[in-house]
Amino acid sequence: MITFAASPCDAGIIRGAPCLSPSAPSASPWILAATIIASSMAFIDGTVVNVALPALQRELSANLVDVQWVVESYALFLAALLLVGGAAGDRFGRRRVFVIGVALFATASVWCGLAGSVRQLIAARAIQGVGAALLVPGSLAIISASFDEQSRGKAIGTWSGASALMAALGPVLGGWLIDYLSWRAAFFINVPLAAAVLYLTLRHVPESSNVDAHGDLDWQGASLVTLGLGGIVYGMIESPLKGWAHPAVIIALIVGVSTLAGFLIVERRQATPMLPLELFRSSTFSGANLLTFLLYGALGGSLFFLPLDLIQVHHYSTTAAGAALLPFVLLLSLLSRWSGGLINRYGAQRPLIVGPIIVAVGFALFAVPGTGGNYWFTFFPAAVVLGLGMAVSVAPLTTAVLNAVDARFAGAASGINNAASRVSALIAVAVFGLIMTPIFNGTLDAALQRGAPNAAIIAAIDQQRSRLAAIDLPTNVDAQTKTAAQDAIAHAFVAGFRAIMLISAALALGGAASAWLLIRSPESNR
């Protein structure tokens, strides 16, 4: 069984700087602060962009495919380059790569805020994803290199909880900025955060690296996985508009699948692969990453559609929609430090079975609300249960991943786990769009056929089906007919939303099953 050395210094991780843990505990709060704020930028960006999607649809006349690409262009490069980001930190210095990532992320955030069209925004989001791919794995790798095994679980729990707390404020502040200023202002939130991270990192965080890491980075593997994921995602996102038989869709899917297969072949032969396949010889490492893939796929895919449901169907303000998940993130924040200690008491397996089961119940509760109802009796119970389940899962899951490999591979392990979560969300947003579109169209057509169809209404709907609940109806029809059509559109969206939430619940249960079958826990030390 692979175990960590007594401390990062003993493992030879810290090079060219004094080891700060445990010999210099006074620096530990600053290390945590830098990594927490940096991670929060990525978390806040994801949640703020989601609540900004209705504004993008409204102000830029974007359809579902457009807003999917706003999310997916970022997620694609983040997911594809995370492994290179982790390996680059191990090879060239975790602090150095981390700083580059933060600076690139902030620069791209400014570009996002200044974008004049959906296409420009998509391009800026892609560059932002590259920056995130460098900073995200660096956060956990720096923590792993700065804290010994005994204190690492609680440090990760603190990181998880504090990051979640900061992320909780992001959607609320972002929603307020969108309501009262513009969606552009939501991207500028990252600029002061990045400045704080750069100051703390350059002043307090020591450089660390894997002294055994040699050779060039696996740019061939990075190129193949980017092309492969891009092809698959393009095919799935564009197929509702172009059709599965369209040559572009067919070619994209063929290229995507074949390129990913080639990526695995290349990784087996590389001297310094971005995806060290030997790490998956550990049952716990494999099980934890499978659980991550299923759990975060459910979370990422469902939370893409939740703000659309809250704002366009339930008519929440953007601020209220951003605040709707506060119970989720607050529970995650308040309980994460406690849950970080669960692995020391019970091992990894038990909390990683119980947590995803609770998450599944939370997703199922999100499928209950219709098109109305008070927040406290509709979405609040679901947010509380989902937050409780994720709080039980997140810190033990991250700790299990890092404890399953040798400390020298902390950057690679962190990159793989982050990549699993990002790839799953990337694929889930595309797949859930495929599920939502036919359910929405079928339910809407059935409702329109039951009513007295109005020619102007039908024409407007047929031209804008790809906008889903953001369909604009003509003003030159009577109020009763327009209200009936709006109700039909809302009910059609809810039908698709319910299916997505129930599928998310099934994915979470699959995660619990993977923990039961693959993750091995030591005996409880109670």
Side-chain angles (χ1 to χ4, degrees), residues 49-50 53-54 56-58 60-73 75-76 118 122 229-250 252-253 256 297-314 363 366-367 370-371 424-450 457-473 485-507:
V49 169
N50 281 351
L53 295 180
L56 295 177
Q57 284 194 290
R58 182 177 62 252
L60 299 179
S61 299
N63 58 29
L64 175 64
V65 171
D66 293 330
V67 295
Q68 279 182 298
W69 276 119
V70 169
V71 173
E72 297 286 70
S73 62
L76 172 61
V118 171
I122 291 170
L229 289 174
I232 291 173
V233 170
Y234 177 88
M236 289 191 294
I237 288 180
E238 297 291 337
S239 61
L241 289 179
K242 292 181 167 64
W244 288 104
H246 193 283
V249 172
I250 295 173
L253 291 174
L299 191 67
S302 61
L303 294 189
F304 174 86
F305 287 97
L306 179 60
L308 299 176
D309 184 59
L310 293 174
I311 295 171
Q312 296 174 344
V313 174
H314 294 270
F363 281 130
F366 271 114
T371 58
S424 65
L426 174 75
I427 294 175
V429 170
V431 171
F432 285 6
L434 291 176
I435 295 169
M436 167 64 80
T437 300
I439 295 176
F440 174 83
N441 286 331
T443 306
L444 181 57
D445 288 341
L448 293 175
Q449 289 174 4
R450 288 195 299 269
I457 293 286
I458 296 298
I461 289 175
D462 286 341
Q463 291 175 358
Q464 303 177 69
R465 284 180 181 271
S466 62
R467 301 188 71 201
L468 301 181
I471 291 174
D472 287 326
L473 297 177
Q486 288 172 333
D487 288 343
I489 292 170
H491 281 91
F493 188 91
V494 168
F497 181 75
R498 283 173 168 167
I500 286 170
M501 287 298 170
L502 292 177
I503 292 171
S504 296
L507 291 174

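Worth saying up front: this structure is predicted, and the values here are computed from it rather than measured.
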Gln68 to Gly433 - nearest heavy-atom pair and separation: NE2-CA, 3.8 Å
For the student: nearest non-hydrogen atoms of Ala485 and Leu473, plus distance: CB-CD1, 3.8 Å
Main-chain N/O of Leu434 paired to Thr437 side chain as donor or acceptor, under 3.5 Å: no
Residues Ser466, Val65; criterion side-chain contact (heavy atoms from CB on, under 4.5 Å); working and verdict: CA-CA 7 Å; Ser466 62; Val65 171; 5.7 Å; no
Shortest non-hydrogen contact between Ala495 and Ile439, atoms and distance: C-CG2, 3.7 Å
Minimum heavy-atom distance between Ala252 and Tyr234, given as atom pair plus value: CB-CD2, 3.5 Å
Stepwise side-chain contact (heavy atoms from CB on, under 4.5 Å) check, Trp69 with Val118: CA-CA 9 Å; Trp69 276 119; Val118 171; over 6 Å; no
Pairwise distance CG(Leu426) to CG(Leu76) - rounded to 0.5 angstrom: 5.5 Å
Nearest heavy-atom neighbours spanning Ala470 and Gln464: O-OE1, 4.5 Å
Distance (rounded to the nearest 0.5 Å) between Leu253 CG and Glu238 CD: 11.0 Å
Side-chain donor/acceptor of His246 to backbone N/O of Gly235, under 3.5 Å: no
Min side-chain heavy-atom separation Ser504-Leu299 under 4.5 Å: no
Gap separating the CG atom of Asp472 from the CD atom of Gln463, nearest 0.5 angstrom: 11.5 Å
Heavy-atom check, side chain of Val49 versus side chain of Val71, under 4.5 Å: yes
Side chain to side chain, Gln57 and Gln312, heavy atoms closer than 4.5 Å: yes
Distance, nearest 0.5 Å, that separates OG1 of Thr443 from CZ of Arg498: 10.5 Å
Heavy-atom side-chain contact between Phe305 and Phe432 under 4.5 Å: yes
Sub-4.5 Å side-chain heavy-atom contact between Leu60 and Asp66: no
Any side-chain heavy-atom pair of Ile500 and Ile503 under 4.5 Å: no
Residue among Asn441, Asn63, Leu64 satisfying side-chain contact (heavy atoms from CB on, under 4.5 Å) with Arg465: Asn441
Which atom of Ile311 lies closest to which atom of Pro54, heavy atoms considered: CD1-CG, 3.5 Å
Check: Phe363 and Ser302 side chains under 4.5 Å, non-hydrogen atoms: yes
CD1 on Ile489 to CZ on Arg467, rounded to 0.5 Å: 10.5 Å
Side chain to side chain, Leu308 and Val313, heavy atoms closer than 4.5 Å: no
side-chain contact (heavy atoms from CB on, under 4.5 Å) assessment of Leu444 paired with Phe493: CA-CA 8 Å; Leu444 181 57; Phe493 188 91; over 6 Å; no
CG on Asp309 to CG on Leu468, rounded to 0.5 Å: 11.5 Å
